[in-house]
Amino acid sequence: MKNYLLYFTLIGALVTSCNTKNQSKTELAQIKRDFNFDWQFKLMDTTGKTAEWKNVGLPHDWSVEASFDSINGEGATGYLPGGTGLYKKTFPLQLKPDEKAYVLFDGVYNNSEVVLNGEKVGAHPYGYSPFYFDISSYIKSEKDSNVIEIKVDRTRYADSRWYTGSGIYRDIKLLVKNKLHIPIWGVFVTTPKIDDNRAEVSVSVEIENDFPKDKKVDVRTEIYNADGKKVSDKTINLAIAGNKNSKEQLSLTMEKPNLWKVDNPHLYKAVTSVVEDGKIIDQEETIFGVRSIRFDANEGFFLNGENMKIKGVCLHHDGGLVGAAVPDDVWRRRLTKLKVAGCNAIRMSHNPGSEAFLNLCDEMGFLVQDEFFDEWDNPKDKRKNMNEQSVDYVTRGYTEHFQEWAEKDLKNTILAHRNHPSIIQWSIGNEIEWTYPRNADATGFFNNMGWQGNYFFSEPPFTPEQIKEQLKTLPKGKYDIGKTAQKLAKWTKELDTTRYVTANCILPSASHLSGYTDALDVVGYSYRRVIYDYGHKNYPNKVIMGTENLPQWHEWKAVMERPFISGLFLWTGIDYMGESNGGWPKKGTNSGLLNSAGFEKTSYHMMKTLWNDSPHLYITTQSLDKSIFILNSLGEPVEKKKDAWKEALWFWHDTNEFWNYDVNEPTVVEVYSNCDEVELFLNDTSLGRKKLDDFADRIYKWSVSFAAGELRAEGYIDGKKVDAAAQIKTAKDPHAVQLSVDQTELRANAYDAAHIIAQIVDIDGTPVKHLNSEITFTIDGDVQLLGVDNGSERNVQDFQSNKIVTDQGRALLILQSNLKADIVTISATSEGLKTGEVTLKIIPTDK
């Protein structure tokens with residue numbers, strides 16, 4: 001990103017005029033500056049020397065700029081390096097005597113230290129929680145003379161079980177406020193009572209008076225709907241003593257509210273002002289939604305009184321080739337595809353999401369489980385998901401800081417995120433039980449020589465009474481899982497009682513008896529759908545749901561058959577980097593419905609048929625010898641192992657999206673559909689019409705001897721042909737590189753991003769998905785090249801390049817606007833193929 005002075009523009013210098021006759025004047029001291037521009041960065045090498053400073057914009061992730069390294073990297077974090085990074089920025093700011101200044105970080109990974117004008121302001125170890133510092137006393141009075149420096153120590157480059165990124169990978173804001181003001185995160189909007197005719201809105205406002213003298217002010221909240229029309233307002237008078245804080249409650253009523261729903265996520269804006277002597281001296285805008293949530297131990301989940309299933313996916317925070325510094329448009333494309341599949345919920349695994357990501361969830365109608373920690377008192381092994389196996393400097397993680405920082409990080413997250421209507425659950429931990437070994441031993445699954453079952457698909461070998469006895473006798477460690485869970489739940493409910501506290505329990509049969517689940521409102525089961533009935537029978541008053549589940553039909557079937565299970569979160573919605581211990585060149589985990597480039601996979605289409613009522617059909621093929629199916633005596637494809645689908649795990653079986661094989665080669669054609677019946681055609685010849693009820697695994701299957709041409713599947717519901725259909729064609733020799741772009745106009749704001757997809761096609765325009773070649777992109781115009789990817793978890797080519805060898809004949813290029821309007825031409829060449837070309841228009845931000 002180029003060096004610009006955009007931060008001089010005052011973002012959100014709110015000068016909303018007063019609406020009452022006696023308060024017509026506005027003198028708003030509050031300033032919010034986009035502080036993401038005009039940074040310099042350099043990376044220290046292992047000798048302590050540093051490279052030259054380079055200009056960067058934020059968010060920034062330095063790890064993703066590097067090459068993948070199988071020797072000096074770790075599969076746990078995606079074979080990309082860490083190190084120590086230095087950021088600095090010079091900026092003008094002169095404070096008036098009645099003003100204060102703050103710098104607000106949404107996330108820095110990790111172990112950051114902030115210095116302003118040569119003085120240490122503070123430090124923050126956690127890489128995911130937001131934090132801020134009061135910098136008023138460090139600001140110089142001379143114009144343009146303030147220098148902020150941030151050191152980020154990521155030398156522990158394997159401190160996580162997945163790719164984290166390195167650096168200031170989320171937004172920064174500079175805020176200037178009157179000394180009589182609403183502190184950061186000082187407004188909390190809730191809707192305690194809702195019916196068809198009205199909603200009660202409760203606005204909790206904190207006022208901070210940093211003047212030594214007592215003050216009298218009016219505190220006013222005005223609520224606006226999505227059209228900008230004011231629908232309610234309330235003003236209270238307040239006397240606040242010098243150097244004191246005050247918390248006030250404003251109760252408002254809205255008539256005929258538009259509810260926030262997953263299919264119609266209506267948002268309101270509450271504008272809260274502090275008015276002194278008729279002048280607005282501080283103001284905060286809070287986006288919120290009017291909605292109610294309820295979990296019931298017998299009936300599941302209710303949104304606005306409507307019973308519904310949570311169709312969720314787990315997501316890590318990387319965005320593929322952009323690493324952890326993910327532009328909004330990259331998330332928007334990914335989330336849109338998940339929404340189309342029927343997904344309505346996101347679990348932030350396993351740490352808090354960014355403010356920008358949560359804003360998108362609010363806007364797009366996703367329910368969110370915001371998760372605080374992957375480690376508590378004891379460390380996990382970063383190379384394996386279990387208790388620590390070896391002590392290693394590079395794998396020291398958050399446990400090093402948990403005792404000192406957990407309360408602060410948890411509460412900062414809640415304060416920053418609690419106004420998001422998308423958030424319905426706070427998760428205090430993920431699969432924590434591994435780090436308290438007595439809990440695993442007590443289950444009877446492990447250290448039990450007489451047990452011969454399968455952990456994923458067998459009920460607990462020990463009864464609750466036996467587990468309880470084991471927990472009494474097994475040696476205890478320094479920390480107790482139940483006590484820590486109670487502490488975390490208590491801190492959560494001190495700040496918010498409107499959401500449910502949950503956790504992802506990998507050993508629920510023991511967690512129900514260790515005190516862990518006593519702290520939870522909703523008990524999340526991790527890969528334990530086989531004991532849903534066990535849990536409901538033995539703990540009937542506990543709400544139970546799946547919080548980490550296999551992306552398979554059998555998981556959703558278990559939910560649909562049980563009203564008391566609210567839903568699930570599949571692992572995962574999108575492939576992610578890391579968790580690939582010793583897997584080189586496999587740099588990531590390919591359990592997603594989408595791959596790392598955001599391309600849909602077969603599992604995506606399976607879930608789309610399960611999560612949607614509208615007809616959907618999708619065709620895949622495979623040679624018989626590579627298929628998971630064999631032919632029975634009737635020549636029909638059946639599973640090699642009967643009912644194997646009931647125990648399928650994370651990764652979908654191997655299928656192809658093409659129809660290119662040897663002549664007469666035996667193949668299996670699979671059709672994924674929610675239609676009652678499907679008829680398959682090869683070159684307009686029917687290969688038979690089949691019923692979904694005849695396939696327990698919900699995969700239509702035909703045995704087909706290959707012949708070039710077209711496969712087409714047509715669906716029927718209640719005997720009537722539907723409009724939806726699917727087809728794939730035999731591709732001829734590669735002829736050209738075809739380019740497509742998801743949006744043809746970007747604003748010149750240095751944030752907007754476009755996805756350009758390159759696909760090798762034949763002379764007829766049919767995608768060639770069975771062959772690959774290297775593509776070179778040429779960009780003519782003022783944009784930033786963010787990188788290239790082909791979506792394969794085994795792609796270890798540099799992301800930040802203009803060249804890429806395709807996977808399935810395709811590749812992805814992401815470009816981001818700068819601050820200049822321009823016409824950009826993108827071309828893609830490959831040896832022997834016709835060049836593809838698209839045009840991108842960068843428009844001024846005021847248009």
Sequence neighbours excluded, every pair satisfying salt bridge (charged side-chain N to carboxylate O under 4.0 Å, His left out) that has a member inside [range]:
| range | result |
| --- | --- |
| residues 564-590 | Arg161-Glu579, Asp575-Lys601 |
| residues 429-439 | none |
| residues 506-533 | Lys493-Asp521, Asp533-Arg562 |

For the ring pair [X] and [Y], is the centre-to-centre distance below 6.0 Å?
| X | Y | value |
| --- | --- | --- |
| Tyr534 | His512 | no |
| Phe681 | Trp702 | no |
| Tyr576 | Trp571 | yes |
| Trp162 | His317 | no |
| Tyr661 | Trp659 | yes |

**Complete:** Paired with Lys690, the salt bridge (charged side-chain N to carboxylate O under 4.0 Å, His left out) test is passed by just one of Glu636, Glu714, Glu679, namely Glu636

side-chain hydrogen bond (donor to acceptor under 3.5 Å, both in side chains) partners of [X], counting only residues at least two apart:
| X | answer |
| --- | --- |
| Ser566 | none |
| Thr77 | none |
| Ser458 | none |

**Prompt:** With a cut-off of 6.0 Å (strictly less than), are more than 12 heavy atoms of other residues, nucleotides or ligands near CG of Asp694?
**Reply:** yes

**Asked** More than 12 foreign heavy atoms under 6.0 Å from NZ of Lys640: is that the case here?
**Response** yes

Verify, without hydrogens or angle tests, whether [X] (side chain) and [Y] (backbone) share a donor-acceptor contact under 3.5 angstrom.
| X | Y | value |
| --- | --- | --- |
| Asp662 | Glu665 | no |
| Asn612 | Ala341 | yes |
| Glu555 | Leu550 | yes |

Please determine if [X] forms a cation-pi arrangement with [Y], meaning its NZ or CZ atom is less than 6.0 Å from the six-membered ring centre and no more than 45° off the ring axis.
| X | Y | answer |
| --- | --- | --- |
| Arg347 | Phe569 | no |
| Lys608 | Tyr618 | no |
| Arg698 | Tyr672 | no |

Is a side-chain donor-acceptor pair under 3.5 Å present for [Y] with [X]?
| X | Y | answer |
| --- | --- | --- |
| Tyr527 | Glu548 | yes |
| His653 | Glu670 | yes |
| Asn772 | Thr806 | yes |
| Asp789 | Asn795 | yes |
| Asn656 | Gln622 | yes |
| Asn549 | Tyr525 | no |
| Asn504 | Thr547 | yes |
| Ser427 | Thr502 | no |
| Asn790 | Ser792 | no |

Could you pull out the closest heavy-atom pair between [X] and [Y], with the gap in Å?
| X | Y | value |
| --- | --- | --- |
| Val523 | Cys505 | CG1-SG, 4.3 Å |
| Cys343 | Trp611 | N-CE3, 3.6 Å |
| Val668 | Ser627 | CG2-OG, 3.9 Å |

**Asked** Can you say whether the rings of His616 and His605 are parallel (under 30°), tilted (30 to 60°) or perpendicular (over 60°)?
**Response** parallel

**Prompt:** Taking the inter-plane angle between the rings of Trp426 and Phe372 on a 0 to 90° scale, is it parallel (under 30°), tilted (30 to 60°) or perpendicular (over 60°)?
**Reply:** parallel

**Prompt:** Please walk me through it: do Asp654 and Lys626 pass salt bridge (charged side-chain N to carboxylate O under 4.0 Å, His left out)?
**Reply:** CA-CA 8 Å; Asp654 189 19; Lys626 294 181 180 179; over 6 Å; no

**Request:** Kindly compute the distance separating CG (Leu303) from CG (Leu367), expressed to the nearest 0.5 Å.
**Result:** 6.0 Å

